[in-house]
Amino acid sequence: MEPFGIYTLANDVVYDQLVALLNSIEVNIGADIPICIIPYDDRLQLVKQEVNSRQNVCLFENKTSMQRWEEFYNQVWNAHPKAHQKIQGHSKWYKKSNLFRKMSAFDGNFDRFVFYDADSLAMSSLDRVLEKLDDYDFVFDDWEHRKSTPVAALNFSLIEDQISLSESEIRSQLHCSSFFGSKSGIFGDNQLEMLRLEPRSIKQNHVKLIT
């Protein structure tokens, strides 16, 4: 188990963005930090060439982990009423998406890690994130919880009506998933089973926002 590393999710479609991310990590964070690329799908010819050209970059190969998360999000999506409705582009988009494979970072070989979307750039040191991971299980640096109501990612009024959570309660748990820091092993089989059976029974715990 490596003490720390960086994950991203990519395939050949986002190859140019991936190279830009890798270069930004090398320049702004460090040239020797281990980086693991989780495959979005099997289109990996260019990605594999890039991996072979860099000593600190590897390809995530734990197919069991990726399958576990694919089964989980398919179960979650199929339980949603809209999964079975004829909404143009909605369920079709979700079923074609492998974005949730990024969650395999929790099953990887880095004890603590940071995840970047492939279309991101590393612009500064991760020292502050690592410092916060000494005390918290998750660190987010995002803007979702600060967006004004008209452009927010969620319909707060609808959520308030359905599950009686106030907008302020919802906002404290709303984060962008394009960048986050966390630790290996947090989501084991028991945790996923709890989420399947009763999502609202899981307490929001050990979360730190960096703003």
Side-chain angles (χ1 to χ4, degrees), residues 1-78 83 89-123 126 129 138-142 175-189 191-192 195-196:
M1 182 76 74
E2 295 274 357
F4 176 73
I6 294 173
Y7 291 102
T8 189
L9 178 74
N11 63 7
D12 285 353
V13 176
V14 295
Y15 172 74
D16 291 340
Q17 292 96 318
L18 172 65
V19 172
L21 171 62
L22 295 176
N23 289 340
S24 70
I25 292 172
E26 180 177 340
V27 172
N28 295 319
I29 299 178
D32 299 322
I33 293 178
I35 301 170
C36 185
I37 301 170
I38 301 170
Y40 179 86
D41 55 26
D42 294 331
R43 292 173 288 180
L44 297 169
Q45 182 177 352
L46 295 175
V47 171
K48 288 180 178 179
Q49 291 176 7
E50 192 65 27
V51 167
N52 292 334
S53 72
R54 297 177 185 253
Q55 293 184 348
N56 62 318
V57 181
C58 69
L59 197 65
F60 188 85
E61 296 181 341
N62 187 339
K63 294 182 179 180
T64 300
S65 170
M66 290 186 284
Q67 181 65 31
R68 182 174 81 114
W69 285 106
E70 287 172 9
E71 290 175 356
F72 175 74
Y73 68 66
N74 280 326
Q75 288 175 351
V76 171
W77 177 244
N78 287 329
H90 195 163
S91 60
K92 181 179 180 181
W93 174 88
Y94 187 90
K95 290 178 180 179
K96 283 188 173 183
S97 173
N98 288 335
L99 288 175
F100 217 66
R101 278 191 177 188
K102 67 173 65 178
M103 299 296 285
S104 287
F106 291 96
D107 304 326
N109 293 324
F110 302 145
D111 184 38
R112 300 191 299 173
F113 65 86
V114 163
F115 178 91
Y116 286 91
D117 271 355
D119 61 352
S120 305
L121 292 175
M123 302 301 292
L126 293 174
V129 175
F138 295 92
V139 179
F140 300 92
D141 185 5
D142 64 57
H175 311 289
C176 177
S177 64
S178 62
F179 174 94
F180 59 91
S182 192
K183 303 170 184 177
S184 177
I186 287 178
F187 289 108
D189 291 337
Q191 284 72 27
L192 291 190
L195 288 168
R196 287 189 188 98

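Gly188 and Arg68 make their closest contact through C-NH1, 3.6 Å (heavy atoms, listed as atom of the first residue, atom of the second, distance). Here the shortest heavy-atom pairing between Val129 and Gly181 reads CG1-CA, 4.5 Å. Contact between Asp117 and Thr8 at its shortest, heavy atoms only, is C-OG1, 3.6 Å. The two residues Tyr15 and Glu50 have their closest heavy-atom pair at OH-OE1, 2.8 Å. The nearest pair of heavy atoms linking Asp107 to Ser65 is OD2-OG, 2.5 Å. Among all heavy-atom pairs drawn from Ala118 and Val14, the shortest one is CB-CG2, 4.1 Å.
At distances below 3.5 Å, not a single donor-acceptor pair connects side-chain atoms of Gln67 with backbone N or O atoms of Thr64. In this structure, Arg101 contributes its side chain and Pro39 its backbone to a donor-acceptor pair below 3.5 Å. For the pair Asn11 (side chain) and Tyr40 (backbone), a donor-acceptor distance under 3.5 Å is absent. In this structure a side-chain-to-backbone donor-acceptor pair under 3.5 Å is missing from Asp119 to Gln17.
Rounding to the nearest 0.5 Å places CG of Leu18 at 10.0 Å from CG of Leu46. Taken to the nearest 0.5 Å, the CG atom of Leu99 stands 11.5 Å off from the OG atom of Ser178. The distance from the CE atom of Met103 to the CG atom of Leu9 is 12.0 Å, given to the nearest 0.5 Å. Summarising the geometry, atom SG belonging to Cys58 is positioned 11.5 Å from atom CG belonging to Asn52; distances are rounded to the nearest 0.5 Å. With values rounded to the nearest 0.5 angstrom, Ile6 atom CD1 is found 4.0 Å from Ile25 atom CD1. Rounding to the nearest 0.5 Å places CZ of Phe187 at 13.0 Å from NZ of Lys183.
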request  = Let me see the working for Val114 and Phe4 under side-chain contact (heavy atoms from CB on, under 4.5 Å), right down to the final yes or no.
outcome  = CA-CA 8 Å; Val114 163; Phe4 176 73; 4.1 Å; yes
message = Does Val57 form a side-chain contact (heavy atoms from CB on, under 4.5 Å) with Glu26? I'd like the steps, not just the answer.
response = CA-CA 11 Å; Val57 181; Glu26 180 177 340; over 6 Å; no
request  = Check step by step if side-chain contact (heavy atoms from CB on, under 4.5 Å) holds for Ile186 and Gln191.
outcome  = CA-CA 8 Å; Ile186 287 178; Gln191 284 72 27; 6.0 Å; no
task = Could you go through the ring pair (Phe, Tyr, Trp, His ring centres under 6.0 Å) check for Tyr116 and Phe179 one step at a time?
result = CA-CA 5 Å; Tyr116 286 91; Phe179 174 94; 5.0 Å; yes
Candidate pair Tyr7 and Phe115, rule ring pair (Phe, Tyr, Trp, His ring centres under 6.0 Å), full reasoning = CA-CA 5 Å; Tyr7 291 102; Phe115 178 91; 7.6 Å; no
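Taking the side chain as every heavy atom from C-beta outward, Ile37 and Leu44 never approach each other to under 4.5 Å. By the 4.5 Å heavy-atom criterion applied to side chains, Asn56 and Asp32 are not counted as neighbours. Taking the side chain as every heavy atom from C-beta outward, Lys48 and Leu59 approach each other to under 4.5 Å. In this structure the side chain of Ser184 never reaches within 4.5 angstrom of the side chain of Phe110, judged on heavy atoms.
Taking a 6.0 Å sphere around CE of Met1, one finds it holds more than 12 heavy atoms contributed by other residues, nucleotides or ligands. At most 12 non-hydrogen atoms from other residues, nucleotides or ligands lie less than 6.0 angstrom from CG of Asn109.
With hydrogens and angles left out, the side-chain atoms of Asp41 and Asn98 include no donor and acceptor closer than 3.5 Å.
Every residue was checked against the side-chain hydrogen bond (donor to acceptor under 3.5 Å, both in side chains) condition with Asp12, not counting sequence neighbours, and none meets it. Evaluation of the salt bridge (charged side-chain N to carboxylate O under 4.0 Å, His left out) rule for Glu2 yields no partner, not counting sequence neighbours.
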